[in-house]
**Student:** 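Dropping a structure here in structure tokens format, bear with me for questions.
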Amino acid sequence: MDQLGVGIDIENISRFDKMSRTKDKDFLSKIFTKHEIDYCFSRRKPAQHLAARFSAKEAIIKAASQINLDGIGYNEIQIFNSKRGMPSALILKKAADTLNIKVSMSHNIDYAIAVAVLYGGQ
Ligand SMILES: CC(C)(COP(=O)(O)OP(=O)(O)OC[C@H]1O[C@@H](n2cnc3c(N)ncnc32)[C@H](O)[C@@H]1OP(=O)(O)O)[C@@H](O)C(=O)NCCC(=O)NCCS
């Protein structure tokens with residue numbers, strides 16, 4: 001393992017309450033990929049999932065900065081869920097091609113938190 005970075009973040013769910021997939025389309029697409037927007041708005045409480053993904057992106061950006069990988073845009077990070085719900089992430093940037101990412105998220109009615117670990121690389 002050549003490089004290792006860790007990041008954590010917490011967000012208020014209220015920041016994403018009342019977000020509309022149509023009215024807030026421009027804002028949402030600056031932060032989230034289409035895949036993420038589809039996932040969040042397919043859930044009963046989209047705000048919890050939006051906040052969790054925002055938190056995961058911030059955690060990944062912090063972890064990346066620890067290994068001198070800067071300048072990652074929010075929508076250059078893609079969060080996926082396996083069929084069983086387990087999250088994973090990709091940084092859609094060539095400089096991150098050889099990095100491994102581990103991410104974990106949790107949310108309740110008030111807060112979403114996420115932790116990310118990045119390892120590998122050149
Ligand atoms: C996985 C499990 C521990 C999550 O507990 P929880 O209290 O509901 O989770 P939280 O509310 O704290 O966090 C939700 C986040 O956990 C993550 N998560 C969900 N399933 C997960 C899993 N199997 N492994 C790791 N993380 C998981 C997701 O990121 C989810 O947020 P998202 O939907 O916005 O992506 C719980 O669902 C469980 O024990 N399930 C039984 C095991 C299982 O895999 N069941 C699937 C049946 S098909």
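Atoms within a ligand are numbered from 1 in the order they appear, just like the ligands themselves. In this chain, residues are counted from 1 in sequence order.
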**Student:** Within 4.0 Å of atom 28 (C) of ligand 1 (strictly less), any protein heavy atom?
**Tutor:** yes
**Student:** In the protein, which heavy atom is nearest to atom 18 (N) of ligand 1, and how far is it?
**Tutor:**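 Heavy-atom neighbour on the protein nearest atom 18 (N) of ligand 1: Gly85 O, 3.3 Å.
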**Student:** Identify whether Met19 and Ile79 are in the same connected component of the hydrophobic contact network (ILVMFWY, side-chain heavy atoms under 4.5 Å).
**Tutor:** yes
**Student:** How are the rings of His49 and His107 set relative to one another: parallel (under 30°), tilted (30 to 60°) or perpendicular (over 60°)?
**Tutor:**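 The rings of His49 and His107 stand perpendicular, inter-plane angle above 60°.
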**Student:** Under 4.0 Å between a side-chain nitrogen and a carboxylate oxygen: does that hold for Lys45 and Asp17?
**Tutor:** no
**Student:** Would you check if Ile109 and Gln48 make a side-chain contact, meaning some heavy-atom pair closer than 4.5 Å?
**Tutor:** yes
**Student:** Does a side-chain N-to-carboxylate-O contact under 4.0 Å join Asp26 and Lys30?
**Tutor:** no
**Student:** Within 4.0 Å of atom 22 (C) of ligand 1 (strictly less), any protein heavy atom?
**Tutor:**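 Answer yes: something from the protein, a heavy atom, is under 4.0 Å.
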**Student:** Numbering the atoms of ligand 1 from 1, which are under 4.0 Å from a heavy atom of Tyr39?
**Tutor:** 32 (P), 33 (O), 35 (O)
**Student:** Using protein heavy atoms only, decide if any is under 4.0 Å from atom 9 (O) of ligand 1.
**Tutor:**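 No; the ligand atom in question lacks any protein heavy-atom contact below 4.0 Å.
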**Student:** Heavy atoms only, cut-off 4.0 Å: how does Arg43 contact ligand 1, side chain, backbone, both, or neither?
**Tutor:**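 Looking at Arg43 and ligand 1, just side chain atoms fall under 4.0 Å.
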**Student:** Does the protein place a non-hydrogen atom closer than 4.0 angstrom to atom 3 (C) of ligand 1?
**Tutor:**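 Under 4.0 Å from atom 3 (C) of ligand 1, zero protein heavy atoms found.
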**Student:** Return the closest protein heavy atom for atom 12 (O) of ligand 1 as residue, atom name and distance.
**Tutor:** Ser106 OG, 2.6 Å
**Student:** Would a 4.0 Å cut-off, counted as strictly less than, catch a protein heavy atom around atom 16 (O) of ligand 1?
**Tutor:**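 Within 4.0 Å of atom 16 (O) of ligand 1, protein heavy atoms are found.
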**Student:** Any protein heavy atom at under 4.0 Å, with atom 25 (C) of ligand 1 as the reference point?
**Tutor:**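 For atom 25 (C) of ligand 1 the answer is yes, since some protein heavy atom falls inside 4.0 Å.
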**Student:** For residues Phe54 and Tyr74, establish whether the separation of their ring centroids is below 6.0 Å.
**Tutor:**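 Yes, close enough.
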**Student:** Could you check whether atom OH of Tyr39 has more than 12 heavy atoms from other residues, nucleotides or ligands sitting under 6.0 Å from it?
**Tutor:**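 More than 12 heavy atoms, drawn from other residues, nucleotides or ligands, come within 6.0 Å of this atom.
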**Student:** Would a 4.5 Å heavy-atom cut-off, applied to side chains only, mark Leu69 and Gln3 as touching?
**Tutor:** no
**Student:** Protein heavy atom under 4.0 angstrom of atom 41 (C) of ligand 1, is there one?
**Tutor:**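 Neighbour list for atom 41 (C) of ligand 1 is empty of protein heavy atoms (cut-off 4.0 Å).
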**Student:** Only heavy atoms of Arg53, strictly under 4.0 Å: list the atoms of ligand 1 that pass.
**Tutor:**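 What qualifies from ligand 1 is 32 (P), 34 (O), 35 (O).
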**Student:** Tyr119 versus Ile67: any side-chain heavy-atom pair under 4.5 Å?
**Tutor:** no
**Student:** Is Lys93 atom NZ crowded by more than 12 heavy atoms from other residues, nucleotides or ligands, each under 6.0 Å away?
**Tutor:**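 Count over threshold, so yes.
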**Student:** If you take the nearest heavy atom of each of Met105, His107, Lys83, which one is closest to atom 31 (O) of ligand 1?
**Tutor:**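 The nearest heavy atom belongs to His107.
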**Student:** Under the 4.0 Å line, does any protein heavy atom show up next to atom 35 (O) of ligand 1?
**Tutor:** yes
**Student:** Does ligand 1 have a heavy atom under 4.0 Å from the side chain of Asn108, from its backbone, from both, or from neither?
**Tutor:** neither
**Student:** What's the shortest heavy-atom distance between Ile60 and Ala116, and which atoms?
**Tutor:**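 Smallest interatomic distance, heavy atoms only, reads CG1-CB, 3.6 Å.
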**Student:** Should the proximity of Gln48 to ligand 1, defined as any heavy atom under 4.0 Å, be assigned to the side chain, the backbone, both, or neither?
**Tutor:** neither
**Student:** Which option, Arg84, His49, Glu36, owns the non-hydrogen atom nearest atom 44 (O) of ligand 1?
**Tutor:**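 Closest candidate by heavy-atom distance is Arg84.
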